[in-house]
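Order of listing sets the numbers, starting from 1, for every ligand and every atom in it. In what follows, every heavy atom counts, from backbone to side chain, and hydrogens, waters and symmetry copies are set aside. As the structure is a computational prediction, the values presented were derived from the model and not from experiment. Index from 1, following the sequence.
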Amino acid sequence: MVTTHNLGFPRMGMRRELKFALEAYWRAETDSAALLDCAQALRQRHWAWQDTLDWAPVGDFSLYDHMLDMSFTLGHLPQRAQGFGGDELEHYFRLARGQGRAACCGGAIAAAEMTKWFDTNYHYLVPEFDTQTRFELDDRRLRQQWGEALAQGVRGKPVLIGPVTYLWLGKMRGGGDRLQLLPALLEVYAELLKRLHAWGATWVQIDEPILVQDLDPDWQHAFNLAYHQLKNAPVQILLASYFGGLGDNRYLAANLPVAGLHIDAVRGRDEVSALLNLLPSTKVLSLGVIDGRNVWKTDLYAALGWLEPLAQRLQERLWIAPSCSLLHVPLDLDAEPNLDPSLRGWLSFARQKLQELHLLARALNHGRQSVADQLQLHQHGLIERAQSTRVHRSEVQAALRASNALPAHRPSPYAERARQQQAVLQLPQWPTTTIGSFPQTGAIRQARQRFKSGQIDAAAYEQAMRDEIALCVREQEALGLDVLVHGEAERNDMVEYFGEQLEGFAFTTQGWVQSYGSRCVKPPILYGDVQRRLPMTVHWSRYAQSLTHKPMKGMLTGPVTMLNWSFVRDDQPRELSCRQLALALRAEVLDLEQAGIAVIQIDEPALREGLPLKKADQAAYLDWAVACFGLSANGVRDTTQIHTHMCYAEFNDIIEHIARLDADVITIETARSALDLLEAFERYDYPNAIGPGVYDIHSPNQPEVERMVALLRSAAQRIAPERLWVNPDCGLKTRQWPEVRPALQRMVQAAQQLRQSS
Ligand code: GLN
Ligand code: ZN
């Protein structure tokens, strides 16, 4: 008999109840009892939805973040978070967000740093260590959740972040080796496992996803140390890896003294047979056969064809599960009544994935005949998907083949282009610009709402957006900016806006996925060959340009970002989907150029997000990502200036690829000082123009002119001043006009000061 289990479940609830309960609590509109009740009700419901499983996860639920939960369980909080008044929740949110609820006791601190959870769009709170760090078990959260599960009759399997991954993901303040903390940390884990056993747990899932990354010998050794030390725990440990194959850590993982090993058998499928030969014959092997990172129905016949012989061989030792926690997919397809019916037949969200798992287990345990009808029904959509003309478009295939003949580069090198562009654009030294969006005001959102609900017609909406664009242009002229933008009023979201106009994309209404805390995103679903029906932005840009003599920048979302912020096809390589996006955008770029737009920005804020977890895979990704950007951008004349924008400050390891994008201008976010950031560009001798964000748009504080001047002067030590631009570090859509106006005024002043002194 195979055993089924799940590694984790979405937390927000069907109608994002957790989000709204959290936000009401933070605004001090409700009390902690209301929040905790909501959380408990969600856990109850979510376990009920998982009741076909042999083992359901307990402790995967979180009010904000599972890493932060683990920090509390390990009794380890940074010094600055200690000694405040308020209850447990207040402490928890103070560290998560910088302060607890509005107007509560205790005051504010710097929130814990937040960063991306592996290659997902989920963000966790980084544990902070120093040489003084001590750990002390606090089992209250787990005790509470375990008690609830027990009361509900759930066959529960507690879920913990493993000690090695916990240390790896944390940061040491003030230097020192965080592996030194491992022995003290292990004592707490040992104690915790004892406690879980005392409560009645038999299996405990310990997540060590860093097993899919490159580990140096010290970290490999840490695994040995940790699990040998936990070997005598009174529970059985299921060591869980996910988000990829084990690669070089295969031998290590197979031989750690634990009772079971879970692997990602979607991304790591190829290595399963080799692993089988390594695995001691007593160990449980859990295969994550259902894709926890994407939204497609599983091909159950194919899965069975593969699993049946394994089940024969492993017998009771075979477990099956989704590849990773279902946190990263939307909750329920049944919440999408408006989704195209044929598309629905191709998809599977968290709840459907558990049904698939159940079906697989029944077929394995009782034979395919026992569920023949359900299997056939299930496969129906898959067959349709494989043959659909909405997925496979011959015109797109033809265009893709023809695109191989397109030149990979701009006609002339940068220096020559820059000369020609300057002759057209006539920009001053230290040219000023913005990243694209201006405030998305209540009025803008309301107009869109009214248009979508049919209260105003297309013409009225169009006029409302034109008025916004005109206002935005007037503001920028008054401010004295050099290269203007239309302000992106017409865009709800930088990917959705384009996806809605392209063939091959679909959108859900409830397909939310947690990004951090109470924030969720609703990624589009890229299901088919991508095709541009009509120009997407040209009429807006042309209109905006008609209002000013200054250059108006056309504004597009790049192909790699479109890809990385969507659920994408699993029936062809990501690269191919990206090339299709690139071709569609190339047509848009050329239309903008044709319409007289001389500066075109292609945003790639998510280029880095697609970087594979294993070093060995990164170069190939960067190669095709750069090629796709080029495909969209490089068809223009030398006189057309291509900008790109990126939203992160880590360029050291990818600078050569950034250079290969060959954008005429790159504007970048500078979370840290511009100096640090530009070091990478200097060291590489980056040849093209750069706009280091001179002020942080995420902060409501007004930037100082002197600071911006100083920043640019120091930038000029590293990059030739004629290649420097002056701009904020990201789009302004989340800000208000009363903040934006004076901030940009100061930025323009800074540029003027520099011009006078140079
Ligand atoms: N052009 C976009 C904007 O200004 C860029 C957004 C981003 O960098 N994430 O909003
Ligand atoms: Zn940005």
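- Computed with the Zn ion (ligand 2) at the centre, the C647 SG to C730 SG angle is 110°, stated to 10 degrees.
- A salt bridge links R293 and D119; the closest N-O separation between the charged side-chain nitrogens and carboxylate oxygens is under 4.0 Å.
- A salt bridge between R755 and D482 is present, with a side-chain N of the basic residue lying under 4.0 Å from a carboxylate O of the acidic one.
- Listed by number with element, the atoms of ligand 1 under 4.0 Å from a non-hydrogen atom of M494 are 6 (C), 7 (C), 9 (N).
- Salt bridge present: E113 and K171 bring a charged side-chain N and a carboxylate O closer than 4.0 Å.
- Of all heavy-atom pairs spanning V485 and Q476, the tightest one is O-NE2, 2.7 Å.
- No salt bridge links E477 with K550; every basic N to acidic carboxylate O contact stays at or beyond 4.0 Å.
- Those atoms of ligand 1 with a heavy atom of C730 less than 4.0 angstrom away are 7 (C), 8 (O).
- Close approach of ligand 1 to G436 is summarised as follows: ligand atoms under 4.0 Å from at least one heavy atom of the residue are 4 (O).
- A pairwise comparison of heavy atoms in I697 and G731 identifies CD1-O, 3.2 Å as the closest pair.
- Near I435, the atoms of ligand 1 lying under 4.0 angstrom from a non-hydrogen atom of the residue are 1 (N), 4 (O).
- Residue C647 has at least one heavy-atom neighbour below 4.0 Å for each of these atoms of ligand 1: 7 (C), 8 (O), 9 (N).
- Counting heavy atoms closer than 4.0 Å to ligand 1, residue E488 contributes side-chain atoms (C-beta onward) but none from N, CA, C or O.
- In terms of polar-atom proximity, H645 is counted as a contact of ligand 1, with an N or O under 3.5 Å from an N or O of the ligand.
- Ligand-side atoms of ligand 1 in range of G731: 3 (C), 4 (O), 10 (O), range being under 4.0 angstrom from any heavy atom.
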(request) Walk me through it: do R532 and Q501 pass the test side chain to side chain contact (heavy atoms under 4.5 Å, CB included)? (result) CA-CA 7 Å; R532 191 186 70 140; Q501 302 187 66; over 6 Å; no
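- Comparing D729, T667, D603 against atom 1 (N) of ligand 1, the shortest heavy-atom distance belongs to D603.
- At a heavy-atom distance under 4.0 Å, atoms from both the backbone and the side chain of S437 approach ligand 1.
- Each of I600, I597, V599 was checked for a side-chain contact (heavy atoms from CB on, under 4.5 Å) with Q641, and the lone residue meeting it is V599.
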